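Just below is one structure, and these are the notes that go with it.
The structure displayed is predicted, hence computed values, not measured ones.
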Amino acid sequence: MTTTPHRPVLEGRKALVVGIANDQSIAYGCAKAFREVGADLALTYLNAKARPYVEPLATELAASIFLPLDVAADGELEAVFDAIRGQWGRLDILVHSIAFAPKEDLQGGLLQCSAAGFAKAMDVSCHSFVRMARLAAPLMNDGGTMFAMSYYGANKVVPTYSVMGPVKAALEASCRYLAYELGGQGIRVHAISPGPLKTRAASGLKDFDLLLNEAAQRAPLGELVDIMDVGFACAFLATPYARRLSGETLYVDGGVNIMA
């Protein structure tokens with residue numbers, strides 16, 4: 001069976017994708033999908049330890065901009081947007097695909113979560129998206145699309161998801177409020193809620209393999225999604241075909257979310 005090349009519906013568009021850790025990352029699926037439909041890429045890596053895993057992917061995708069970004073480090077976020085402003089002068093697409101909670105707070109249940117751990121999870125996983133949006137919006141002079149990655153546990157209790165449930169709920173609400181505040185500038189904002197995926201971040205969740213097996217069994221489509229499913233969903237939402245859609249939480253999960 002031969003495959004048809006994807007149309008370059010995002011040709012010339014400029015996309016910043018934050019959160020690639022390796023070739024299993026949701027962010028990598030997004031970046032690869034954007035590239036396949038013509039977008040130019042700016043990619044980031046967390047730190048020097050992460051760079052050897054991410055740099056080959058940036059090379060593969062011909063990323064025009066490749067910079068370190070730890071959203072908790074002073075000045076690094078601003079440096080990324082300064083580079084985009086200097087090299088491109090604009091931005092069309094932003095993908096926030098990062099989350100963090102201290103292991104002891106993530107695995108101990110919400111009741112046992114420390115104030116410091118909750119604040120850290122909220123800052124990295126949620127408020128950093130607000131900070132990115134604030135920096136990105138002035139570069140989206142012709143409108144644009146922003147994405148943040150959520151999960152089903154934001155709206156329904158997934159027992160092992162712990163503190164990240166309330167944090168992702170806050171992230172989804174932030175997407176709706178940003179969609180309202182930025183809509184007048186032609187900027188659309190979406191939360192994307194993929195089904196369980198085998199990513200490095202997800203490996204920190206207790207009993208994650210059970211979540212994967214349950215999702216595959218419950219999905220109406222009968223199978224798990226992959227990172228490219230998420231990537232192409234975002235690519236569609238970034239095109240003019242989705243120009244009147246904003247503030248959505250889009251489930252990319254094979255239909256698991258509709259099941260009781």
Check the pair M146 / M140 against side-chain contact (heavy atoms from CB on, under 4.5 Å), numbers first and verdict last. CA-CA 10 Å; M146 301 181 182; M140 293 183 168; 3.8 Å; yes
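- Of the possible polar contacts, one joining the R35 side chain to the L61 backbone as a donor-acceptor pair under 3.5 Å is found.
- The nearest pair of heavy atoms linking V17 to A27 is CG1-O, 3.4 Å.
- Put simply, CG on N155 and OG on S150 are 7.0 Å apart, with the number rounded to the nearest 0.5 Å.
- For the pair L69/V18, a side-chain contact is recorded, criterion being any heavy-atom separation below 4.5 Å from C-beta on.
- Under the 4.5 Å side-chain contact rule for hydrophobic residues, V157 and V163 do not share a cluster.
- Looking at H190 and L237, their side chains come closer than 4.5 Å, going by heavy atoms from C-beta outward.
- By the neighbour-count criterion of 12 heavy atoms within 6.0 Å, atom CZ of R90 is densely surrounded, having more than that number from other residues, nucleotides or ligands.
- Connection of M164 to F100 is not established within any shared hydrophobic cluster, with ILVMFWY side chains joined at heavy-atom distances below 4.5 Å, either directly or through further cluster members.
- Residues L171 and Y161 fall into different hydrophobic clusters, defined by Ile, Leu, Val, Met, Phe, Trp and Tyr side chains chained together at heavy-atom separations under 4.5 Å.
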Salt bridge (charged side-chain N to carboxylate O under 4.0 Å, His left out) between K103 and D105, worked out: CA-CA 5 Å; K103 186 174 182 180; D105 293 294; over 6 Å; no
Checking V9 against F236 for the side-chain contact (heavy atoms from CB on, under 4.5 Å) test, could you report, in this order, the C-alpha distance in whole Å, the side-chain angles of both residues, the deciding distance, and whether it holds? CA-CA 9 Å; V9 289; F236 160 71; over 6 Å; no
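- Between F34 and V95 the shortest side-chain heavy-atom distance falls below 4.5 Å.
- Using a 4.5 Å heavy-atom threshold, the side chains of I98 and F129 count as separate.
- Here the two rings, on F66 and Y45, have centers that are under 6.0 Å apart.
- A salt bridge between K120 and D123 is absent, with no side-chain N of the basic residue lying under 4.0 Å from a carboxylate O of the acidic one.
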One pair to check against salt bridge (charged side-chain N to carboxylate O under 4.0 Å, His left out): D253 and R218. What are the steps and the verdict? CA-CA 10 Å; D253 65 357; R218 295 180 66 221; over 6 Å; no
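- Contact check for P138 versus F81: no side-chain heavy atoms found under the 4.5 Å cut-off.
- Ring pair H6/F232 is tilted by interplanar angle, where 30° to 60° counts as tilted.
- Here the side chains of R131 and V71 are in contact, with some heavy-atom distance below 4.5 Å.
- Annotation for D82: atom CG counts as buried by contact number, over 12 foreign heavy atoms lying within 6.0 Å.
- For D92 and K14, the salt-bridge test fails: no basic side-chain N is under 4.0 Å from an acidic carboxylate O.
- The OG atom of S114 sits 7.0 Å away from atom CD of E104, with the distance rounded to the nearest 0.5 Å.
- Note that CG of L41 and CZ of R13 are 14.0 Å apart. Values are rounded to the nearest 0.5 Å.
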Go through it in stages, so that I can follow the logic: the residues are I65 and L16, the test is side-chain contact (heavy atoms from CB on, under 4.5 Å), and I'd like the CA-CA distance, side-chain angles, deciding distance and then a yes or no. CA-CA 9 Å; I65 297 171; L16 168 62; over 6 Å; no
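- Counting heavy atoms from C-beta outward, P68 and R51 have side chains that stay 4.5 Å or more apart.
- With a 4.5 Å cut-off on side-chain heavy atoms, Y28 and I26 do not count as touching.
- Once rounded to the nearest 0.5 Å, the distance linking CE of M122 with NE2 of H127 reads 10.5 Å.
- A search for salt bridge (charged side-chain N to carboxylate O under 4.0 Å, His left out) contacts involving R134 returns nothing, not counting sequence neighbours.
- Cluster annotation: V230 and V189 are assigned to distinct hydrophobic clusters (Ile/Leu/Val/Met/Phe/Trp/Tyr, side-chain heavy-atom contacts under 4.5 Å, transitive).
- With rounding to the nearest 0.5 angstrom, the CZ atom of F118 is 10.0 Å from the OG atom of S162.
- Expressed to the nearest 0.5 Å, how far CD1 of I93 lies from CG of L91 amounts to 8.0 Å.
- Of all non-hydrogen atoms in C234 and C30, the two that sit nearest each other are SG-SG, 4.0 Å.
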